[in-house]
2 protein chains.
Amino acid sequence: MKVFGIDPGSERTGYGCVESDGSRHVLVRCGAITTSALTSFPDKLRTIHAELSALLDECRPDSVAIESVFFATNVRSALKLGHARGVAMLAAVEAHVPVVEYTPAEIKRAVVGYGRAEKHQIQHMVKLLLRLPVPPSPHDAADALAVAICHIHSIRSLALGVGKLRSKAETSWRHVRLGR
Amino acid sequence: MKVFGIDPGSERTGYGCVESDGSRHVLVRCGAITTSALTSFPDKLRTIHAELSALLDECRPDSVAIESVFFATNVRSALKLGHARGVAMLAAVEAHVPVVEYTPAEIKRAVVGYGRAEKHQIQHMVKLLLRLPVPPSPHDAADALAVAICHIHSIRSLALGVGKLRSKAETSWRHVRLGR
C-alpha cells in the first residue's frame with residue numbers, strides 16, 4: 001500500500017509518501033511546500049493546493065493521511081490552519097484518494113509508542129522505521145511521514161486483529177476513520 | 001462593477017452577486033450551496049469549491065468579497081469554518097478574481113449604518129438596497145449580498161474621498177484591504 005501523509009500549514013505544508021507491505025516501509029518521497037511571506041493568503045492556498053495535486057498525481061497513493069487538530073493557540077491560528085487543511089483535503093478528494101485522519105496522540109502512539117512523545121522522538125523513530133541515514137527534515141516532512149506510518153500501522157493492526165488505535169477525540173465530521 | 005459576496009460555511013455557503021454603478025445596485029443572483037449531512041467532510045469541500053467555481057465562471061465578477069472572521073465559539077468551529085473559507089478563497093484565486101475581506105462590523109456599518117446591527121436588520125437593508133420584493137433567503141445569501149454591497153460602498157467612499165471604513169481588526173494575513 002502507498003500512503004501520502006500531509007502536515008498542513010499556511011506557511012509550510014509537510015508531505016511524505018510511504019510505500020509498505022505492512023511490515024517494511026519505504027520512503028517514496030517527502031518534503032515541504034513553503035510559501036513566501038510576501039505572497040497573499042489566497043495565493044498561498046493556491047500554491048498548497050496546486051503542489052499537493054501535482055504530488056498526488058505523481059505518487060498515486062491509495063490513501064491520504066492527515067493529522068486531525070483539536071487544539072490551536074487561538075481562533076485565529078485555528079482559522080488559518082483550517083484554510084490550509086481545507087485545500088489539502090480538496091486536493092485529495094479531487095484526486096479520488098480517500099482521506100483518513102488521526103489525532104496527534106494516535107500518531108505518537110503508533111510511531112513512538114507513547115502518546116505524549118516529543119517532536120525529536122518522532123523524527124528519530126521515522127528515521128529508524130524508514131531506515132534513513134538522517135532524520136527527515138524539515139520537521140513538517142517528518143510529521144507528514146509519521147501520520148502516513150500511523151495509517152499503515154493502523155491498517156496492519158486491523159488486518160491482524162491485534163487491537164486498534166484509540167482516541168478520545170470526537171469524530172462527527174470525519175468521513176473515514178480507521179483504527180477505531 | 002460586479003462584486004460576488006461569499007458567506008462560507010461547511011453546511012451552507014451563501015453567495016450573492018451584485019452589479020452596481022456605485023449608487024444603484026442590481027441583484028445578479030444569490031443563493032446558498034448546501035451540503036448533505038450524510039456527505040463526507042472532504043466531499044462537502046469539493047461541492048463548495050466546484051459550485052463556487054462554476055458560479056464565478058458564470059458571473060465573472062470584478063472582485064470577490066468575503067467576511068473576515070476573528071470570532072468562533074471554539075477552535076473546532078473555527079477549524080471547520082476555515083476549511084470552507086479556504087476552498088472558497090481558492091475558487092476565487094483560481095478564477096483570477098481578487099479577494100477582499102471585511103469584518104462583520106464593517107459590513108454592518110456599510111449596510112445598516114450601525115456596527116452592531118442584528119441579522120434581520122441586515123436582511124431588511126439588503127432588500128431595500130437591491131429593491132427586492134422580499135428579503136433574500138436564506139440568511140446566508142443575505143449575508144453574502146451584504147458583504148458584496150459593503151465592498152461596493154467601500155469603493156464608492158474611496159472614489160468620492162468622503163472617508164473610509166475602519167476596523168480594529170488585524171490585517172496581517174489579508175492580501176487586499178480596501179477602505180483602510
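The figures that follow rest on heavy atoms only: side chains count, while hydrogens, waters and symmetry mates do not.
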- For residues B:Leu79 and A:Val69, report the shortest heavy-atom separation together with the two atoms involved.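 Closest pair (atom of B:Leu79, atom of A:Val69, distance): CD1-O, 3.1 Å.
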- Item | Non-hydrogen atoms of A:Val93 and B:Pro42 that approach each other most closely |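 Reported closest heavy-atom pair: CG1-O, 3.6 Å.
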Would a hydrophobic clustering, with Ile, Leu, Val, Met, Phe, Trp and Tyr connected at side-chain separations under 4.5 Å, put [X] with [Y]?
{"X": "A:Leu27", "Y": "A:Ile149", "result": "yes"}
{"X": "B:Val97", "Y": "A:Leu90", "result": "yes"}
{"X": "B:Ile152", "Y": "B:Val112", "result": "yes"}

- Query: What do you reckon, is CZ of A:Arg131 surrounded by more than 12 foreign heavy atoms closer than 6.0 Å?
  - Reply: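 Yes - once you tally the heavy atoms of other residues, nucleotides and ligands closer than 6.0 Å, there are more than 12.
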- Query: Looking at CZ of A:Arg85 and CZ of B:Phe41, how far apart are the two atoms once the value is rounded to the nearest 0.5 Å?
  - Reply: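 One finds 8.0 Å between CZ of A:Arg85 and CZ of B:Phe41.
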